[in-house]
Structures are given as C-alpha cells and as structure tokens.
Novice: 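For reference, the structure I am asking about is given below.
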2 protein chains.
Amino acid sequence: MAKVDTSLVANLPLFAGFKPEELDEILREARSARFPKNSAVFEQGEDAHSFFLLLHGHVRAAKTTPTGEQIVVRYVAPGETFGLAMAIGLTQYPATATAVDDSVVLAWPTGTWPRLVQKFPALATNTLQTVGTRLQETHTRVLEMSTQQVEQRVAHALLRLAKQSGKKLDHGIEIDFPISRQDIAQMTGTTLHTVSRILSGWEQLGLIEGGRQRIILREPHKIFVLAEQSAGGGPA
Amino acid sequence: MAKVDTSLVANLPLFAGFKPEELDEILREARSARFPKNSAVFEQGEDAHSFFLLLHGHVRAAKTTPTGEQIVVRYVAPGETFGLAMAIGLTQYPATATAVDDSVVLAWPTGTWPRLVQKFPALATNTLQTVGTRLQETHTRVLEMSTQQVEQRVAHALLRLAKQSGKKLDHGIEIDFPISRQDIAQMTGTTLHTVSRILSGWEQLGLIEGGRQRIILREPHKIFVLAEQSAGGGPA
DNA sequence: GGTCCGTTTTGCGCTATCGCAAATTGCCGG
DNA sequence: CCGGCAATTTGCGATAGCGCAAAACGGACC
C-alpha cells in the first residue's frame with residue numbers, strides 16, 4: 001500500500017506534539033479514499049464505521065429533520081477531521097457528509113480509535129480541543145441567529161467561508177468551492193429567496209460578484225462593516 | 001480540609017471507569033465552594049482560573065454580545081461539569097455562569113488539568129464525550145431555530161428542562177429552579193413578550209401552570225405533541 | 001401593613017422575512 | 001449548436017413575531 005506522506009499532515013492540530021514515527025504508526029492504520037464531487041462520504045443515521053481527515057477537496061456536513069428540512073452544520077476544509085461520531089460516544093453518524101468537490105480523505109475504521117487513543121493520549125486531548133472549538137463556534141452561531149437579522153448573518157457566513165476557504169484574487173476573495181444560495185440559506189437559517197435578494201443587492205453595490213454556485217467578495221471590509229452593524233442602515 | 005464524599009460523584013460519566021482511590025486522588029485536588037442564589041461563579045471574558053463540577057443547585061451559563069444581548073447557553077444540573085474553558089484551549093471563559101439557586105460546586109484550578117489528564121487519560125476521553133454530546137445538542141438547537149416556529153421551540157425547551165431538572169408532582173412536572181420568561185426567551189431565540197403570550201395561552205388550555213419564575217407542566221404529553229407539530233393547528 | 005421593584009401580561013401597529021409563482025439565466029451533455 | 005435542467009432572480013401578498021408602552025401582579029423588605 002502506498003504510504004501517506006507524513007509531511008502533509010504533520011502540522012495539523014490533530015497531530016500536535018507527535019513524533020514522526022508515532023505519526024507514521026497512526027497513519028498506517030488509515031486507508032485513503034477518493035470521493036467524486038457530489039458523492040456522499042456517509043449518511044446521517046448510518047452506522048459510524050470510520051472517522052476521517054480531509055486531505056483535498058471540500059465536504060459539506062448537513063443535518064436533516066424527520067420532515068426533510070436540512071441545515072448545513074459546517075463545511076470541512078483540508079486538514080480538518082470529520083465524522084468523529086464514535087469519539088463522542090455515538091454509534092451512528094448524526095449528519096450527512098457530502099463531497100462538494102472531488103475530495104480525498106484518510107479514513108480510520110472506528111475500531112481503531114480506542115486503541116489509538118490508549119496508545120496516544122494526546123490524540124484525545126487534541127480532539128477535545130477541536131470539538132471544543134466547534135462547540136464554541138456553534139454557540140456563536142446560536143447567538144447570531146438569536147440576535148441578528150438575516151443580512152448580518154449572511155455577511156458573517158460569507159466572511160467565515162472566505163477566511164476558511166478563500167482564494168485570493170486581484171479583485172477580491174473567492175470562496176474556493178461550489179456553494180449555492182440554498183447552501184448559504186441553510187447555514188444562516190433563512191430561505192434561498194432571501195439570500196438571493198440580499199446577494200443581488202450586494203452585487204448592485206459592488207460588494208460581491210456572484211455566479212452559479214460561485215461567490216467573490218470584492219469588498220470584504222465593507223461586508224465586515226455590514227456584518228457588525230445593527231438594524232438601521234443610517235441616514236438617507 | 002473536609003474530604004468530599006466520593007459516593008456522590010462516583011457514578012458520574014466524568015469519572016466512568018475510575019477506581020475509588022483514583023477518584024480520591026482527583027477529588028483531593030478540588031476545593032468545594034458555595035455560591036448563593038444569583039451570584040456569579042465566573043464571568044465571560046474573565047481569566048479561566050478553574051473548572052467546575054456542580055454538586056447541588058443550578059447554574060445558568062449565558063453568552064453576551066458586545067451590544068449586550070444575551071442567550072442562555074444551557075442550564076447546568078447537579079453532576080454536570082462546566083467552565084471547561086481550558087480543556088478546550090481557551091484562556092478565558094466564553095460565557096458567564098450564574099447560580100440560579102444556592103449552589104455548591106467542586107472547583108479544580110486550571111493548572112491541575114494537564115497533570116490530571118496526563119495521569120488519568122480517561123478523563124480526557126470522558127470529557128470528550130461530554131463535550132461531543134453538547135455539540136450535538138447545540139446542533140439540534142440550531143436545527144430547531146432554523147426550521148421551527150417559536151411555539152414549538154418553547155415546547156421543546158420546556159420538555160428538555162423538565163427532563164433534566166423536573167420534579168415530579170401529583171399534578172405534573174415542575175421545573176426545579178427559578179426560571180423567568182426572559183430566560184426561556186433567551187433559550188429559544190425570541191422575546192419575553194412572545195414567550196409570555198405562548199405560556200398564557202397554554203395556561204388557558206390547562207397545559208401548564210405558571211407562576212413567578214415557576215413553571216409546572218400539567219400535560220407533558222400534549223406539550224410534546226405541540227412540539228412535534230408543524231405549523232397549522234388543524235381545522236377550526 | 002405598606003411600599004417599591006422586578007416579573008408578567010396584554011394591546012397594537014409595524015416590518016422583516018417567508019412562501020408561492022413565474023420568469024430568467026447559465027451550464028452540461030448529446 | 002441545441003435542448004434541458006438546475007440555479008438564480010424577482011414580484012407580490014401574507015403573517016409570525018417584534019417592539020414599544022402601559023397596566024397588572026406578586027414578593028420582599030422595612
């Protein structure tokens with residue numbers, strides 16, 4: 001089997017403090033897999049057979065209600081882990097993970113986790129930090145949904161996406177994977193119609209440049225100002 | 001110093017799999033402290049000097065925006081940990097913790113965490129499970145806020161509170177600590193006015209019995225039905 | 001027993017946002 | 001080069017829930 005290049009992953013927070021040979025031992029337990037654009041890595045409710053580290057591409061994690069509505073839990077960028085169901089005591093995935101671009105992952109069988117953690121306790125503490133950070137972020141999201149209007153929430157969402165997965169261009173920052181208005185709606189707790197209206201407005205003002213599943217922030221700073229603003233837009 | 005009775009805490013998830021003498025060693029590092037009703041255990045932004053285990057009482061964790069709005073992150077019941085800032089890599093508390101009833105906690109100085117975790121790796125994995133569960137719950141909250149109307153969210157919130165901290169009465173279940181309409185509003189992302197209207201309505205129907213900072217669920221099952229229902233109330 | 005303060009209730013107009021419907025656009029496959 | 005489909009835009013009511021204001025209420029403390 002082809003060995004995974006340790007240099008690609010050595011600096012990830014997950015592996016902070018590991019020696020090369022330890023890293024190697026951990027990586028040996030994983031197999032790598034490729035998921036073409038729009039294919040499912042795993043589905044909500046499915047048995048949690050593996051946990052993952054994204055190497056290339058982008059993955060959307062989404063949670064669906066019994067009645068079929070869904071929200072985007074997060075977008076996974078290269079270097080991030082996902083599908084950690086078992087580490088947090090679940091036997092089934094609580095969300096669906098879909099590759100939004102051709103993606104490559106490392107996958108560890110669920111069964112390896114207890115053994116790895118026992119041998120490398122730092123794995124647990126590193127994962128704890130990661131999960132803790134996500135918890136904070138999710139609390140922030142709740143706070144935003146409770147206190148801000150849709151326009152500001154969308155602004156924040158775009159800024160976060162740009163920060164996490166933005167590609168610098170001469171004329172702005174492009175979000176580096178296909179993302180629809182519907183996706184943004186599901187990230188911010190609104191409808192695709194409202195998102196479309198807002199983005200159209202911003203495009204008029206030259207703040208962004210839109211396309212089919214494409215968004216370029218032309219004026220990140222102005223969007224930032226929008227995001228912080230409370231309701232009133234100011235004097236006419 | 002008075003020793004903490006290990007039997008009180010031995011069965012908590014945090015200490016799952018520990019031997020009595022190990023437990024003892026961990027507990028020896030903690031001091032216990034009492035917080036009278038409405039006093040702050042710690043404040044958002046304050047340096048994270050300790051982490052806590054609630055022994056008696058109830059604590060509200062709330063997060064405040066720069067502009068002063070706040071949400072209730074959660075209510076802590078006896079046996080639960082809180083203020084785990086350092087375990088997840090923060091140096092300051094991300095929320096304010098307030099005793100809503102006279103409360104007693106165990107407090108470990110932040111500095112003891114790395115040592116304890118090193119000596120007892122199970123602490124890290126247990127904490128990982130706890131934090132992971134909270135992450136799931138918070139995602140569920142986001143899902144609800146995105147897809148349900150206020151009435152259903154309030155119903156869910158009450159049911160959860162009843163489950164976590166409900167006291168069984170002949171005529172229903174009482175939420176076992178003082179909680180205002182404002183608090184419920186901050187849990188569900190709405191205003192105290194709307195909560196008040198909803199609860200008044202339910203009281204008319206005999207589903208609940210309200211009082212000053214007091215709520216008794218008289219018909220938990222009917223409230224459950226309400227919580228699951230989508231918009232339309234049905235034929236007149 | 002009286003007073004004061006925090007909580008709760010309720011009325012009423014307002015509006016941000018939804019929901020539906022229809023038109024438009026841009027991309028992909030053949 | 002030509003459909004055909006998915007994504008996007010846009011118009012137009014409908015309305016859930018907000019925000020303000022004021023009144024009613026209930027305790028706690030003196």
Side-chain angles (χ1 to χ4, degrees), chain A residues 36-38 60 67-69 71-72 98 100-101 144-155 158 175 177-205 208-216 226 229-233, chain B residues 36-38 60 67-69 71-72 98 100 144-155 157-158 175 177-205 208-216 226 229-233:
Chain A
K37 181 170 172 172
N38 292 327
R60 179 187 54 225
T67 62
E69 286 132 319
I71 60 161
V72 171
T98 309
V100 295
D101 248 351
E144 283 180 8
M145 288 184 62
S146 298
T147 62
Q148 303 185 327
Q149 339 216 141
V150 173
E151 187 168 19
Q152 286 143 39
R153 303 206 301 265
V154 171
L158 291 190
I175 294 171
F177 56 83
I179 185 168
S180 69
R181 319 287 142 142
Q182 173 81 69
D183 291 324
I184 294 173
Q186 292 177 344
M187 296 179 71
T188 51
T190 180
T191 63
L192 85 161
H193 306 276
T194 299
V195 171
S196 178
R197 281 178 243 272
I198 290 172
L199 294 192
S200 293
W202 288 352
E203 190 152 15
Q204 299 289 317
L205 298 175
I208 67 166
E209 189 182 325
R212 207 190 178 67
Q213 310 208 84
R214 254 178 100 252
I215 300 174
I216 297 171
L226 263 181
Q229 224 146 65
S230 51
Chain B
K37 183 170 173 172
N38 292 326
R60 178 186 56 224
T67 62
E69 286 131 319
I71 60 163
V72 171
T98 309
V100 296
E144 283 179 9
M145 287 185 64
S146 297
T147 62
Q148 304 185 327
Q149 333 217 152
V150 172
E151 187 169 19
Q152 287 145 39
R153 303 207 300 266
V154 171
L158 291 191
I175 293 170
F177 54 85
I179 184 168
S180 69
R181 320 285 141 146
Q182 173 81 69
D183 291 324
I184 293 173
Q186 291 177 345
M187 297 180 72
T188 52
T190 181
T191 63
L192 84 160
H193 305 276
T194 298
V195 171
S196 179
R197 280 178 243 271
I198 289 173
L199 294 192
S200 293
W202 290 351
E203 191 153 14
Q204 299 289 316
L205 299 174
I208 66 166
E209 189 182 324
R212 204 189 180 66
Q213 309 205 85
R214 253 178 101 252
I215 299 175
I216 298 172
L226 263 181
Q229 225 147 65
S230 53

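Because only heavy atoms are used, hydrogens play no part in the values below, and waters and symmetry mates are left out as well, while side chains stay in. Since we're looking at a predicted model, the values are computed, not measured. Throughout, a chain's letter reflects where its sequence line sits, starting with A, and its residues are numbered from 1.
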Novice: In whole angstrom, what separates A:M145's CE from D:dC18's P?
Specialist: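 Answer to the nearest Å: 13 Å.
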
Novice: Working note: A:T190 + A:V195, criterion side-chain contact (heavy atoms from CB on, under 4.5 Å); need CA distance, chi angles, decisive distance, verdict.
Specialist: CA-CA 7 Å; A:T190 180; A:V195 171; 3.7 Å; yes

Novice: Could you tell me which residues satisfy side-chain hydrogen bond (donor to acceptor under 3.5 Å, both in side chains) with B:T191, sequence neighbours excluded, listed by chain and number?
Specialist: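 For B:T191, the residues satisfying side-chain hydrogen bond (donor to acceptor under 3.5 Å, both in side chains) (neighbours in sequence not counted) are B:T194.
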
Novice: Listed by chain and number, what are the side-chain contact (heavy atoms from CB on, under 4.5 Å) partners of B:E151, not counting sequence neighbours?
Specialist: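 Counting only residues at least two positions away or on another chain, B:E151 forms a side-chain contact (heavy atoms from CB on, under 4.5 Å) with B:I198, B:W202, B:L226.
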
Novice: Distance-only criterion, 3.5 Å: show the donor-acceptor pairs between side-chain atoms of residues 182-189 of chain B and protein atoms not counting sequence neighbours.
Specialist:
residue, atom, partner, partner atom, Å
B:D183, OD1, B:R60, NH1, 3.0
B:D183, OD2, B:Y75, OH, 3.4
B:D183, OD2, B:S180, N, 2.9
B:D183, OD2, B:S180, OG, 3.1
B:T188, OG1, B:I184, O, 2.8
B:T188, OG1, B:A185, O, 3.4

Novice: Looking only at heavy atoms, what is the nearest atom pair of A:P178 and A:D101, with distance?
Specialist: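 So the minimum-distance heavy-atom pair works out to CD-OD1, 3.6 Å.
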
Novice: Say you draw a straight line from CD1 of A:I175 to CD of A:Q213; how long is it, rounded to the nearest 0.5 Å?
Specialist: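 The CD1 atom of A:I175 sits 12.0 Å away from the CD atom of A:Q213.
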
Novice: What is the first contacted nucleotide of DNA chain C and what is the last, in 5' to 3' order, if contact means an atom lying under 4.0 angstrom from a heavy atom of chain A?
Specialist: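 Footprint of chain A along DNA chain C, 5' to 3': C:dA16 to C:dC27.
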
Novice: Please report the distance, rounded to the nearest Å, between CG in A:D183 and C1' in D:dT8.
Specialist: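 Atom-to-atom, A:D183 to D:dT8, this comes out as 13 Å.
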
Novice: Taking CZ from A:R197 and C1' from D:dT8, how many angstroms apart are they, rounded to a whole number?
Specialist: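 Those two atoms, CZ and C1', are 11 Å apart.
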
Novice: Measure the spacing between CD of A:E69 and CD of B:E144 and express it to the nearest 0.5 Å.
Specialist: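 Atom-to-atom, A:E69:CD and B:E144:CD are 12.0 Å apart.
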
Novice: Find the distance B:L199:CG to D:dG17:C1' and express it as a whole number of Å.
Specialist: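 Going from B:L199 (CG) to D:dG17 (C1'), I get 15 Å.
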
Novice: Looking at every heavy atom in both B:R153 and B:M145, which two are closest together, and how far apart are they?
Specialist: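 Of all heavy-atom pairs spanning B:R153 and B:M145, the closest is CD-CA, 3.6 Å.
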
Novice: Does D:dT9 have OP1 or OP2 sitting under 4.0 Å from an N or O in the side chain of A:R181?
Specialist: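 Yes, A:R181 has a side-chain N/O under 4.0 Å of OP1/OP2 on D:dT9.
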
Novice: Give the rounded distance in Å between these two atoms: CG of A:N38 and C1' of D:dA6.
Specialist: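 So the CG-C1' distance, A:N38 to D:dA6, works out to 12 Å.
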
Novice: In whole angstrom, give the distance that lies between atom CD of A:Q213 and atom C1' of D:dA6.
Specialist: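 After rounding, the gap between these two atoms is 9 Å.
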
Novice: Starting at CD of A:E209, measure out to CD of A:E203 and round the result to the nearest 0.5 Å.
Specialist: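 One finds 6.5 Å between CD of A:E209 and CD of A:E203.
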
Novice: Mind listing the residues from residues 186-196 of chain A sitting with a heavy atom below 4.0 Å of DNA chain C? Number order is fine.
Specialist: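 By residue number: A:G189, A:T190, A:T191, A:H193, A:T194.
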
Novice: Looking at every heavy atom in both B:R214 and B:R181, which two are closest together, and how far apart are they?
Specialist: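 B:R214 and B:R181 have their closest heavy atoms at O-NH2, 3.6 Å.
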
Novice: Using C1' atoms of five pairs at each end, report the bend of the helix from C:dG1-D:dC30 to C:dG30-D:dC1 rounded to 10 degrees.
Specialist: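 What I find for the helix from C:dG1-D:dC30 to C:dG30-D:dC1 is an axis angle of 50°.
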
Novice: Which pairs, protein N/O on one side and nucleotides 23-28 of chain D N/O on the other, fall under 3.5 Å?
Specialist:
none

Novice: How close or far is atom P of D:dT9 from atom CD of A:Q182, stated in whole angstroms?
Specialist: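 After rounding, the reported distance stands at 13 Å.
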
Novice: For A:Q152, does its backbone N or O pair with a side-chain atom of A:Q229 as donor and acceptor, under 3.5 Å?
Specialist: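 No; judged by distance alone, with no hydrogens or angles, the pair does not exist.
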
Novice: Take the protein atom CD of B:E69 and the nucleotide atom P of D:dC18, then report the distance between them rounded to whole Å.
Specialist: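 Rounded to the whole Å, the gap is 13 Å.
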
Novice: Under the side-chain contact (heavy atoms from CB on, under 4.5 Å) test, which residues partner A:R212, sequence neighbours left out?
Specialist: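 Here no residue qualifies.
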
Novice: Identify the heavy atoms of A:L199 and A:L158 that sit nearest to each other, and give their distance.
Specialist: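 Heavy atoms only, the tightest pair is CD2-CD1, 4.1 Å.
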
